Engineer: 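Quick one: structure below, then a few questions.
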Amino acid sequence: MNIYNAIKEGTKILKKNNIKFSALDCEILLAEVLKKQRKYLILNLDKKLNRVNLEIYKNLIKQRSNGKPVAYLTKKKDFWNSEFIIKEGILIPRPDTEVLIEATLELFKYKDYANILDVGVGSGCIILSILKEKQCFYGTGIDVSSKSISLSKLNAKKFSLENRVKFIKTDVDNFCHGKYDLIISNPPYVNSGKIKYLEKDVRNFEPKLALDGGLDGTFKIFKIIEKASTLLKSNGRLVLEIGYDQKTKIIGLLKKRRFYINNIIKDYAKNDRCIISTKIN
Ligand code: GLN
């Protein structure tokens, strides 16, 4: 079978299984099998696949048909301006989270030093993206998942950032080290009862631990705000990713803890996605 037909057949199978971006997913998976870039496929449509590669490709298509996300199949995902190593059991970086990076870089545009803490560090995509852009920033990432800590370390190594970041396996409640200029987090914020309505790929394959924010989705955010009020330096910033319907509730929680609300930023779909606040006193 040649590349053209492999993409065509794969797309047909994915479509039948209601996979949204069926052709794109096939191209990404086939490029991965051939260890080439996608443009190679387009330039070599007539090229025949050998038996081994065809089998590997068919197997990936089968897994994708069942809903397994592409990033878990290719074990990588582009985020901001880097390609992160991804593993099953860890939340896949979302384009919407790039809004937090953009906002933070703007906020710290003229700062050449900052000590930052990423709560629920996952793959490390947030803290490492910031450290890559700001050569004199230092940071700590914490997560309750040991898988997340080892993956974050792996990504830090990939970008040669090991000397400026450390990762610690801990719950935010039990973490009391240091004083920070910035605390940033994409915490689990999905209402427990609504997890079942998430897309099948997310619901069946991504870790509940990274999604489930308790009864109204704000339980983990509440814990982070509480902790941030002691771990932030005076005038330190708190940058939080939030659910599209959580703005009012979170503003209330922040004000109660005497945070000043700087800005609320929308994601690419125009939903409220990020709150920037400042610890004042
Ligand atoms: N926005 C995520 C989703 O796609 C939720 C991530 C989170 O809870 N932090 O489901």
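All ligand and atom numbering here is 1-based and tracks the order in the structure. Nothing here was measured: the structure is a model prediction, and the numbers come from that model.
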Engineer: Under a 4.0 Å N-O cut-off, is there an ion pair linking K109 with E106?
Structural biologist: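 Yes, charged N to carboxylate O under 4.0 Å.
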Engineer: Does the distance from a Lys or Arg side-chain N to an Asp or Glu carboxylate O, for K220 and D171, drop under 4.0 Å?
Structural biologist: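 So K220 does not pair with D171 through a salt bridge.
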Engineer: Is it true that, when you exclude K8 itself, more than 12 heavy atoms of the residues, nucleotides or ligands shown sit nearer than 6.0 Å to its NZ?
Structural biologist: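 No, the 6.0 Å shell around NZ holds no more than 12 heavy atoms from other groups.
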Engineer: Is it true that atom NZ of K179 has more than 12 heavy atoms of other residues, nucleotides or ligands lying nearer than 6.0 Å?
Structural biologist: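 Yes.
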Engineer: Verify salt bridge (charged side-chain N to carboxylate O under 4.0 Å, His left out) between K76 and E32, making sure each step is shown before the conclusion.
Structural biologist: CA-CA 10 Å; K76 58 192 182 199; E32 179 64 21; 2.8 Å; yes
Engineer: For Y189, which residues count as a side chain to side chain donor-acceptor pair (under 3.5 Å) partner, sequence neighbours excluded?
Structural biologist: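 Expected list: E241, R273.
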Engineer: Under a 4.0 Å heavy-atom cut-off, what residues line ligand 1?
Structural biologist: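 Heavy-atom contacts below 4.0 Å: R94, N186, P187, P188, Y189, V190, A210, L211.
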